[in-house]
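One structure below.
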Amino acid sequence: MQHFWYQIKMMFRNPTGIFWAVVFPVILGGLFYFMFGNIGNAEQFSEIPVGIVEIQEDNMFVEILMQVETGDGISMFQTKTYKEKTEAEKALEADEVQGVILLDGGEIELVIKESSIRTSIIQTFVDQYLQNKKLIEETAMTHPERVMGLVENLNGEVQIQMTDIPLKGQDKDPYAQYFYALLAMACLIASSVGVQNGLAIQANLSPVGARRNVAPTKKMKQVLVDFAATLCIYCVLMTGVLAVLVFVYKQEFGSNVGLILLATWVGSFVGLAGGTMFSVVLKGSKSTKEGMSVVFFMVSSFLGGLQWGDITYILEKNCPIVNRINPATLMVNAFKSLSVFGDYRKYAVNLITLLLIGAIFLVISIVKLRRCRYASV
Amino acid sequence: MVVKIENLVKRYGDLVALDHFNLAIEEGEVFGLLGPNGSGKSTTINCLLSLLEFDKGKIEVFGQEMKPDSYELKKDIGVIMQNVAVFDELTVYENIDYFCGLYVKDKTERKKLVEEAINFVELSEFRKFYPKKLSGGLLRRLNIACGIAHKPKLIILDEPTVAVDPQSRNKILEGIQNLNANGATIIYTSHYMEEVEQICTRIAIMDKGKNIAIGTKDELKAMIDLGETISLEVLELSEESMTAIQGLPHVIKMTYENHLLKVKFSKGKHNLLRLLDLMKEREIGFGGVHAEMPTLNDVFLEITGKELRD
């Protein structure tokens, strides 16, 4: 316990660490607040204009398209019918519609000008429709008696699927995404403290590390005590950052504050473990390792949507694996799971993934450090 | 045997830092490792402590092989590194307590040991100071306290007096002798021959990763031809007189620069008398006379052909 308390004292006596962990995210949050505050209040979800070109009529598709609503009862799409494809394309070019759907018998083709959240919604709807249509056709061939029941089920599912689209349309504040990413970044800044922890246990990187290496206390124990102490501090700091975001910047993180807090603590765990691992695994000088921890939390936060909210959707479309393993995205998704969808299963999946990533980082660090002799000291 | 090193080889790429290095240190010794910078002293210590990987050789401490996980052995070793190894965020007391805590878990015992260590290095009045507020000498003393607070049986000091003022240096050297008097075996590395001569009971002289000579200071000095160096302040000295001085028995070398005559004699009796007789005979006026016995630098010079200070 003695080392645990000394580690905590050292953290509190190091104002630089606290600045990066608390002051920096709070300042950045303030900027977001003033930048997005008014815009957020003004912006409400509006119907997505979709152009329809019926080369061959498909009444069922058009009817379903017009029936889709958001959870708040607002129509999802506003349809405009065009006789000619070229006419619709002109409207698309002029931003009168977000996408053009070409209906040709059973074939459905979606034309968009550029990728965005709203075009993703159209694409999701089209995909869902085609999938369900195929399912009904196959069932009609094999078990015609089940078709009616299936259609009833699918009607319900279409609604569920559409209300479940994890996009801004469901969110009261379309800029909440940036605050989620900001909180994720604040957690991941812990990596810079993790690097310091790692440096202070390696004989070739710090005189203190050399002294700790010649002591009879096992290195694993020393690493874990340092880790636990800094994690405790970070949990307190993140609680403070969250409090500022909620009470000062009036951001909504859902009703379950306990689970949001837990997500920030798990995020800090990953940040700390990542920093420790960088300091142990990466070759190079002290400053290289410190620099890499900054790159880690900045890149992760960028991919999580801190600077550009659409990045996660683009990644989801082109390289979904990044969203599955990027700590900042996982944290943002965990926050969204609670505040936007109220989906505890998704929240749990994101948190478990984060815990696994953190545990892997920590195990790698310990394995590399224990019983280690250095090439030069 | 407290420490036994056999055929230790350590390479840094093409550079051989330790070249089949051997060493044996007995209990109760103050053993000095003397050598110029880069001779392999710190490398030896770091290998001994299992901090450095080495290419070949065997290291035993207290009769057991020393490995990174030799935790039982490590309990009895205290290390004072060349670089000051303390936390800037902790006070003097807290630093000593922190590092002592890596060895001693019992709180009451640790408190007593920390107090003793603070008194030993005379830092009582600085106990609440942060390291950045301490002078170089005081910082070195804190560094020592952190290494010895747990009362180890073997204490390794790697250049502990670098960049230290003379007063602190004397206190450190005195302290080391006290630790030895209290039963600790000491390994002391330095490139300051005066320090090594002053406190070490046995000395190994190192150069280019090799142990080039080992013994007590008298044994080391006995290994060389040089007996004594006599210096005289002489206002004027003719060529003829210089030739006469060089002709005296046991003279190895003679120099005359800036009115200072230096004559190095090999071991032999009455060297000073013979020189003074010659001066009187030739009516050469002279001032102060100074006789010096050989130093470890002379030993190093004679064995390697270069100065220890180089």
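Since the model is a prediction, treat every value here as computed from it, not as a measurement.
- Counting heavy-atom pairs closer than 4.5 Å to chain A, the top residue among B:V86, B:L73, B:I77, B:L51 is B:L51.
- Contact annotation for B:D55: neither backbone nor side-chain heavy atoms come within less than 4.5 Å of a heavy atom of chain A.
- Between chain A and the residues B:K75, B:E94, B:M81, the most heavy-atom pairs under 4.5 angstrom are made by B:E94.
- Side-chain atoms of B:N46 and A:Y374 form no donor-acceptor pair, as typed in the model, at a separation below 3.5 Å.
- Side-chain atoms of A:Q2 and B:R110, non-hydrogen and from C-beta on, do get closer than 4.5 Å to each other.
- Partners of B:F126 according to the ring pair (Phe, Tyr, Trp, His ring centres under 6.0 Å) rule, which considers only residues two or more places apart in sequence or in another chain, are B:F129.
- Between chain A and the options B:N83, B:V84, B:D69, heavy-atom pairs under 4.5 Å are most frequent for B:D69.
- The existence of a salt bridge linking A:K9 and B:E89 is excluded, since no basic side-chain nitrogen approaches an acidic carboxylate oxygen closer than 4.0 Å.
- In this structure, B:E27 places its CD atom where only 12 or fewer heavy-atom neighbours from other residues, nucleotides or ligands lie under 6.0 Å away.
- Heavy atoms closer than 4.5 Å to chain A are found in both the backbone and the side chain of B:C146.
- Remark: A:R370 CZ is loosely packed, at most 12 non-hydrogen atoms of other residues, nucleotides or ligands lying under 6.0 Å away.
- Within residues 206-243 of chain A, the residues having any heavy atom less than 4.5 Å from a heavy atom of chain B are, in residue-number order, A:P207, A:V208, A:A210, A:R211, A:R212, A:N213, A:V214, A:A215, A:P216, A:T217, A:K218, A:K219, A:K221, A:Q222, A:D226.
- Atom NZ of B:K67 is separated from atom CZ of A:R373 by 9.0 Å, given to the nearest 0.5 angstrom.
- With contacts defined as side-chain heavy-atom distances shorter than 4.5 Å, the pair B:L90/A:R13 qualifies.
- A:Y6 contributes atom OH, which lies 8.5 Å from atom CG of B:N95 (distance to the nearest 0.5 angstrom).
- Looking at B:K105, only its side chain comes within 4.5 Å of chain A, counting heavy atoms on both sides.
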